[in-house]
Amino acid sequence: MINASTGSQYAGILGIGSYRPRRVVPNAEILEQIDSSDEWIQTRSGIKERRWASDDETVLMMSVNAAKDALQESGIDPAEIGAVVVATVTHLYQTPAIATRVAVEVGAPTAAAFDISAACAGFCYGVAMANDLVRGGSAKYVLAIGVERLSDITDRTDRGTAFIFADGAGAAIVGPTDEPGIGPVVWGSDGTQHQVISQTESWPEAVADSKWPHLAMDGNPVFRWASFAMAKAAQQALDVAGVKAEQLDLFVPHQANMRITDAMRRTLKLPEHVKVARDIERQGNTSAASIPLAITAMREAGEAKSGDLALIIGFGAGLVYAALVIRLP
Ligand code: UT7
């Protein structure tokens, strides 16, 4: 007989933080290298400007800054963090995981630490896993981070991607709560479409060719998948959480494209009072970081407050997706 681990009956998000790179990159700067227009970019994607990281704004630095904000809000002692989970596709070392260095910098130097590769669904994957780790008894508190420096792997001359991708970080502290603060996750993948968003070449191929690998995207199939299939997954997340659309305060989808957000909002028939995240306009598509960045932007704008019920959904390369209902700290 082996003892089974036992955790908290319920878990929730106790703190959220984010880091926005300093440098604002307007569409005009993107247009120096691609044949497009400000009007096309704005009407097709909703993006007016994005942030790109400077040299000192590394994946580590942005992660630690976001994590410190989340820790401060949670009020917990960092030494009590049992696991650090970093979702990213732009920590450009195969090993070790950046999570181990984040753990040291935030004051949790012996926590379990690992990275996950779930692209734009990364933050939702991290929060879902954190929920299970806390409830399963494997960690008292979990630090879940979504962070990207997509500007490092974006081909500035590719008109299909140059205007979309951007940089930033977001973090959440997940820990025990008296009531459920995170609903059941609805998640999945479709590897038959792995090629629609993908690194152009493996690192060995790139080295052999003296080329730098980039993120390539066949945008339209992704757009159609996201607009239709993802609304279904979001509805399922509401259903399994036992939450009706009328009870929601916020809808925070991955900030991929304003038109995808609007299509999902219509399909879900969200009532007028549900505030919808529109951070893509100023922040671009930051993949794993976009949802916590959008939440903090909504808080700063006075659109979101503590106790709000939010439907969050991440989706992207893989293809992978994850949707959950959360209560804001
Ligand atoms: O974050 C991970 C998940 N990613 C996403 O969810 C992104 C999903 N995809 C998208 O957001 C959209 O597909 C894009 C914004 C990338 C593109 O918008 P679209 O409406 O799907 O455009 P399209 O690729 O179907 O192209 C429409 C037209 C084409 O011209 P024709 O063939 O109609 O004459 C393109 O050549 O727009 C042209 N086009 C451009 N024109 C000006 C493509 N890129 C550009 C450009 N500027 N940058």
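Order of listing sets the numbers, starting from 1, for every ligand and every atom in it. Please read all numbers here as calculations on a predicted model, not as lab measurements.
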| task | Might you work through the side chain to side chain donor-acceptor pair (under 3.5 Å) test for Asp56 and Ser54, ending with a clear yes or no? | result | CA-CA 6 Å; Asp56 63 310; Ser54 302; 4.7 Å; no
| task | Determine, step by step, whether Val102 and Val147 satisfy the side chain to side chain contact (heavy atoms under 4.5 Å, CB included) criterion, reporting the C-alpha distance in whole Å, the side-chain angles of both residues, the deciding distance to 0.1 Å, and the verdict. | result | CA-CA 12 Å; Val102 174; Val147 57; over 6 Å; no
| field | Criterion side chain to side chain donor-acceptor pair (under 3.5 Å) on Glu148 and Thr90, from CA distance to verdict | value | CA-CA 6 Å; Glu148 302 295 357; Thr90 46; 2.6 Å; yes
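Counting heavy atoms from C-beta outward, Glu73 and Arg299 have side chains that approach closer than 4.5 Å. Two residues are said to be in side-chain contact when any heavy atoms from C-beta on lie closer than 4.5 Å; Arg23 and Glu57 fail this criterion. At a threshold of 4.5 Å between non-hydrogen side-chain atoms, the residues Val196 and Trp225 do not count as touching.
If you number the atoms of ligand 1 from 1 as listed, the ones under 4.0 Å from a heavy atom of Gly219 come out as 8 (C), 9 (N), 13 (O). Residue-ligand proximity, Asn257 to ligand 1, at heavy-atom distances under 4.0 Å covers atoms 10 (C), 11 (O), 12 (C), 15 (C). Within ligand 1, the atoms closer than 4.0 Å to a non-hydrogen atom of Cys120 are 1 (O), 2 (C), numbered from 1 in the order shown. For ligand 1, the atoms lying closer than 4.0 Å to a non-hydrogen atom of Asn220 are 13 (O), 19 (P), 21 (O), 25 (O). Listed by number with element, the atoms of ligand 1 under 4.0 Å from a non-hydrogen atom of His254 are 1 (O), 2 (C). The ligand atoms of ligand 1 that sit less than 4.0 angstrom from a heavy atom of Arg259 are 18 (O), 19 (P), 20 (O). Ligand-side atoms of ligand 1 in range of Arg44: 15 (C), 19 (P), 20 (O), 22 (O), 27 (C), range being under 4.0 angstrom from any heavy atom. Those atoms of ligand 1 that come under 4.0 Å of a heavy atom in Ile197, given as number and element, are 2 (C), 3 (C).
Considering backbone and side-chain atoms alike, Ser36 places an N or O below 3.5 Å from some N or O of ligand 1. Among the atoms of Ser45, none of the N or O lies under 3.5 angstrom from an N or O of ligand 1.
There is no protein heavy atom closer than 4.0 angstrom to atom 33 (O) of ligand 1. There is a protein heavy atom closer than 4.0 angstrom to atom 47 (N) of ligand 1. Within a 4.0 Å radius of atom 22 (O) of ligand 1, the protein has at least one heavy atom. Under the 4.0 Å distance rule, the nearest protein heavy atom to atom 30 (O) of ligand 1 falls outside the cut-off.
For CZ of Arg51, the number of neighbouring non-hydrogen atoms (other residues, nucleotides, ligands) closer than 6.0 Å is greater than 12. Within 6.0 Å of the CD atom in Gln195, the count of heavy atoms belonging to other residues, nucleotides or ligands exceeds 12.
Neither the backbone nor the side chain of Ile41 comes within contact range of ligand 1; no heavy atom lies under 4.0 Å.
Nearest-heavy-atom check against atom 40 (C) of ligand 1 across Phe163, Trp225, Trp40 picks out Trp40. Heavy-atom proximity to atom 16 (C) of ligand 1, evaluated over Ile260, Asp35, Ile164, is greatest for Ile164.
Scanning for side chain to side chain contact (heavy atoms under 4.5 Å, CB included) contacts around Glu281 gives Lys48, Met258, with sequence neighbours left out.
Annotation: the span from Trp212 atom CH2 to Thr154 atom OG1 amounts to 11.5 Å, rounded to 0.5 Å.
Taking each heavy atom of Thr177 and Ala11 in turn, the nearest pair found is OG1-C, 3.1 Å.
Ranking the protein heavy atoms by distance from atom 35 (C) of ligand 1 puts Arg159 NH1, 4.2 Å first. In terms of protein heavy-atom proximity, atom 6 (O) of ligand 1 is closest to Ala256 CB, 3.3 Å.
Legend: ring pair (Phe, Tyr, Trp, His ring centres under 6.0 Å) pairs involving residues 245-304, not counting sequence neighbours, sorted by first then second residue: His254-Phe315.
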